[in-house]
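Below: one structure, written as structure tokens.
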Amino acid sequence: MSDLFPAARYLVPFHPKEEPHFFADVLIIGSGLAGLRAAMAVDPSLSVLVVTKRGISESNSSQAQGGIAGVLSPQDTIEEHYADTLTAGGSLCDPEVVRRVVTDGPDEIRRLIEWGAQFDTDDGEIDLTREGGHSHRRVAHALGDATGKEIMRAVTQRVQSLDNIDVWEHTFTLDLLTDEGECRGALVWNSRHGKTLIWAKQTILASGGLGQIYRETTNPDVATGDGLAIAYRAGAELQDLEFVQFHPTVLYIAGSSRSLITEAIRGEGAYLVDRNGRRFMTDYDPRAELAPRDVVSSSIVKQMERSRHPNVYLDLSHLDGPWVRTRFPGIAETCAKFGLDIAKDRIPVRPGAHYAMGGISVDADGRTSVPGLWGAGEVTSSGLHGANRLASNSLLEAIVYGSAAGQGASAAAHKIDDDYRALPLSNPTLPPQDDPLDLWDIRNSLKSLMWRDAGVTRDAYALSDAASHIQLWSSYVLRNQFDDPSGWELQNMLCLSRLIVEAASRRNETRGCHVRTDHPEMDPQQEDRHITFLR
Ligand SMILES: Cc1cc2nc3c(=O)[nH]c(=O)nc-3n(C[C@H](O)[C@H](O)[C@H](O)COP(=O)(O)OP(=O)(O)OC[C@H]3O[C@@H](n4cnc5c(N)ncnc54)[C@H](O)[C@@H]3O)c2cc1C
């Protein structure tokens, strides 16, 4: 693969004599749930620096709606949560990892409560709801449909109260610093000190997802998959990148943010109709609107093609109007801004990239293949989700793996003596390109290409077309050295898109979220095959 990536080992030039230095025992990249949970798991006698690209609350974690899954009711069992997770993930889950996460999960959720997270209750007990694929009511939620906001409020408050943890907001991680194959910290940039070399005894990457490489996504702007490209350049193994989960119903109104329209709306009886007002899901699956996410997403795409229309619609006009507005106040408010009354008007929706199952390979403790580097949360591929994520298992993974990686990094850092010396690592300056590039044009073209050719459905022809475009754009974008995040993000997005397209081409079967229209069946030979990349 490396011939396809003319980029140097590091994105920008640097020299230890020219940049400021900072020393920490443990460096954590990302302030989502995985990163902040990891920070709290580090021994308080060690110094922790959390760096995050924008404000502390800008993350997928803060956007999480439905809830967090865990066995919290006496009617439920670990065995059933384990079985449900394996069923959703197909043959690619790691059963030991699944068992460990569902077993450790309930205590981790109780810890969130101790730290002040207030889950919704019913008669004094946590009000558990049931989501698709779960055999029990086991999803704890908060503020109705703003679970992430409440959990992150509590966790952030706790982190800010701990003296050993420092948080640098608006600080972009460019690259991991490696020496003789070991991670020694990271090169970061912010507008206050410019480029800075952070030397850390141990580093935890918790930089979240990659939805922004697709034109349609539920993910916030920060989710450009930087951590995956950063880890790849540093020599870490990545796996299962072809598995991207698409949420079937994302609001599609020009000029609005792409808000996720909760699955519960279909659970409560909303119909999916095409531009002619025809209910179409029964053409594709007997479970109609309640079929699994990947089935609903690919059916919507087919119907959009058949009806030659850029979206389909959610229709609630057959339900009781006042009840609809009270049951879904957030969606009603968002749509009202665009003149739509959800009780009467059809809501335009289409699928959007939602969650990345693939990522940096980590072991049961969150250790990556690069010594000194740990990973937690959506940036990793731990073996929990396999080819398809069970709803509400990702916040759970973030706390269980955040805790494990934090403890592991803490124990490893304790064994290393303080040494306030910089290593002689550097990267030369390249000659500047003559013509400035229109980065936003390339970025938008890439997002559209990924959506069209490597989105909800894929085939060999489209994937090969995508690969050639990405190779062409990479050939001039990756040879540049940019001096602000828009260039670095684009370089990371190109690197990662190429890997996703390559993985999707190699997996010539349909499995979980990876739908190949030219190979519509599962291939039993590929049952436990993981597609891995190492630079
Ligand atoms: C709309 C929406 C609804 C969801 N609902 C649910 C739900 O109900 N239940 C559930 O279990 N899951 C849900 N998910 C998924 C879940 O929110 C995420 O998988 C999970 O929160 C990931 O946590 P994380 O800590 O790994 O990453 P994030 O929370 O995404 O945090 C990543 C952090 O890394 C930072 N970062 C990224 N790149 C860099 C860089 N170059 N330098 C420095 N910092 C960087 C980001 O700014 C951010 O702070 C939802 C996701 C979305 C988008």
Side-chain angles (χ1 to χ4, degrees), residues 1 34 60 85-98 100-101 205-211 213-214 219 223 225-232 235-246 293-294 297 353-364 366-370 373 375-390 393-394 396-398 401 450 454-458 463 466-467 492 495-516 519 522-535:
M1 291 290 295
N60 280 6
T85 304
L86 289 183
T87 305
S91 60
L92 286 176
C93 295
D94 177 335
E96 274 180 36
V97 167
V98 175
R100 188 260 177 99
V101 173
L205 201 43
S207 54
L210 53 77
I213 68 168
Y214 286 95
N219 290 190
D226 299 331
L228 293 154
I230 289 169
Y232 179 75
E237 183 187 88
L238 310 186
Q239 70 172 8
D240 293 347
L241 294 177
E242 65 276 28
F243 296 111
V244 177
Q245 190 177 65
F246 293 86
R293 265 184 195 177
D294 45 323
S297 290
H354 187 49
Y355 183 81
M357 263 76 64
I360 304 161
S361 314
V362 288
D363 72 7
R367 214 176 267 108
T368 73
S369 60
V370 174
L373 178 65
E378 193 169 342
V379 74
T380 66
S381 170
S382 65
L384 175 67
H385 307 300
N388 206 349
R389 174 189 69 125
L390 183 65
N393 263 359
S394 37
L396 186 69
E397 181 188 44
Y401 268 87
M450 287 301 286
V456 179
T457 59
R458 294 114 183 235
L463 290 166
N492 288 335
C495 168
L496 182 55
S497 298
R498 181 65 187 93
L499 294 174
I500 292 174
V501 166
E502 174 67 21
S505 311
R506 286 199 213 163
R507 187 171 289 283
N508 49 359
E509 62 160 350
T510 289
R511 185 176 293 276
C513 295
H514 171 65
V515 179
R516 285 279 300 253
H519 294 280
M522 259 201 272
D523 172 5
Q525 308 269 354
Q526 303 194 41
E527 200 138 85
D528 45 15
R529 174 178 177 227
H530 293 277
I531 295 172
T532 56
F533 294 106
L534 206 51
R535 188 181 166 152

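Atoms considered below: every heavy atom in the structure, side chains included; atoms not considered: hydrogens, waters and symmetry mates. Nothing fancy with the numbering, it's 1 onward along the sequence.
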Taking side chain to side chain contact (heavy atoms under 4.5 Å, CB included) as the test, write out the residues that go with A467, two or more places apart.
R498, V501

Which residues share a salt bridge (Lys or Arg N to Asp or Glu O under 4.0 Å) with E242, sequence neighbours left out
R507

Can you tell me how far the CD atom of Q245 sits from the CZ atom of R293, to the nearest 0.5 Å?
4.5 Å

Residue list, ring pair (Phe, Tyr, Trp, His ring centres under 6.0 Å) with H514, at least two apart or on another chain:
none

Do you know which two heavy atoms are closest between L241 and G358, and how far apart they sit?
CD2-C, 4.0 Å

The reported gap from CD in E509 to NE2 in H519 (rounded to nearest 0.5 angstrom) is 9.5 Å

Heavy atoms, side chains only, cut-off 4.5 Å: are I500 and I213 in contact?
yes

Side chain to side chain contact (heavy atoms under 4.5 Å, CB included) assessment of H354 paired with R389:
CA-CA 11 Å; H354 187 49; R389 174 189 69 125; 3.4 Å; yes

Can you name the side chain to side chain donor-acceptor pair (under 3.5 Å) partners of Q239, sequence neighbours left out?
S381

Measuring only between side-chain heavy atoms, which start at C-beta, is I531 closer than 4.5 Å to E502?
no

Closest heavy-atom pair and its distance - L534, Y232
C-CE1, 4.1 Å

How many angstroms lie between CZ in F533 and CD1 in I360, if you round to the nearest 0.5 Å?
14.0 Å

Using every non-hydrogen atom in the two residues, find where L92 and A387 come nearest and quote the distance to one decimal.
CB-N, 4.0 Å

I'd like to know if the side chain of N219 and the backbone of G211 have a donor-acceptor N/O pair within less than 3.5 Å.
yes

Between S207 and V379, what is the shortest heavy-atom contact and its length?
OG-CG2, 3.5 Å

Give me the atom names and distance for the closest heavy-atom approach of L205 to G227.
CD2-O, 3.6 Å

Rounded to the nearest 0.5 Å, how far apart are OG1 of T532 and CG of L499?
11.0 Å

For the rings on F243 and H385, is their centre-to-centre separation under 6.0 Å?
no

Taking side chain to side chain contact (heavy atoms under 4.5 Å, CB included) as the definition, give me every residue that meets it alongside A356, ordered by chain and number, with sequence neighbours left out.
L210, E378

Side chains of E237 and S361, donor plus acceptor under 3.5 Å
yes

Go through the structure and list residues passing side chain to side chain donor-acceptor pair (under 3.5 Å) with T85, not counting sequence neighbours.
N393

Donor-acceptor pair, S505 side chain versus L463 backbone, under 3.5 Å?
no

Using every non-hydrogen atom in the two residues, find where L384 and V97 come nearest and quote the distance to one decimal.
N-CG1, 3.8 Å

So D528 and S91, do their side chains get closer than 4.5 Å, heavy atoms only?
no

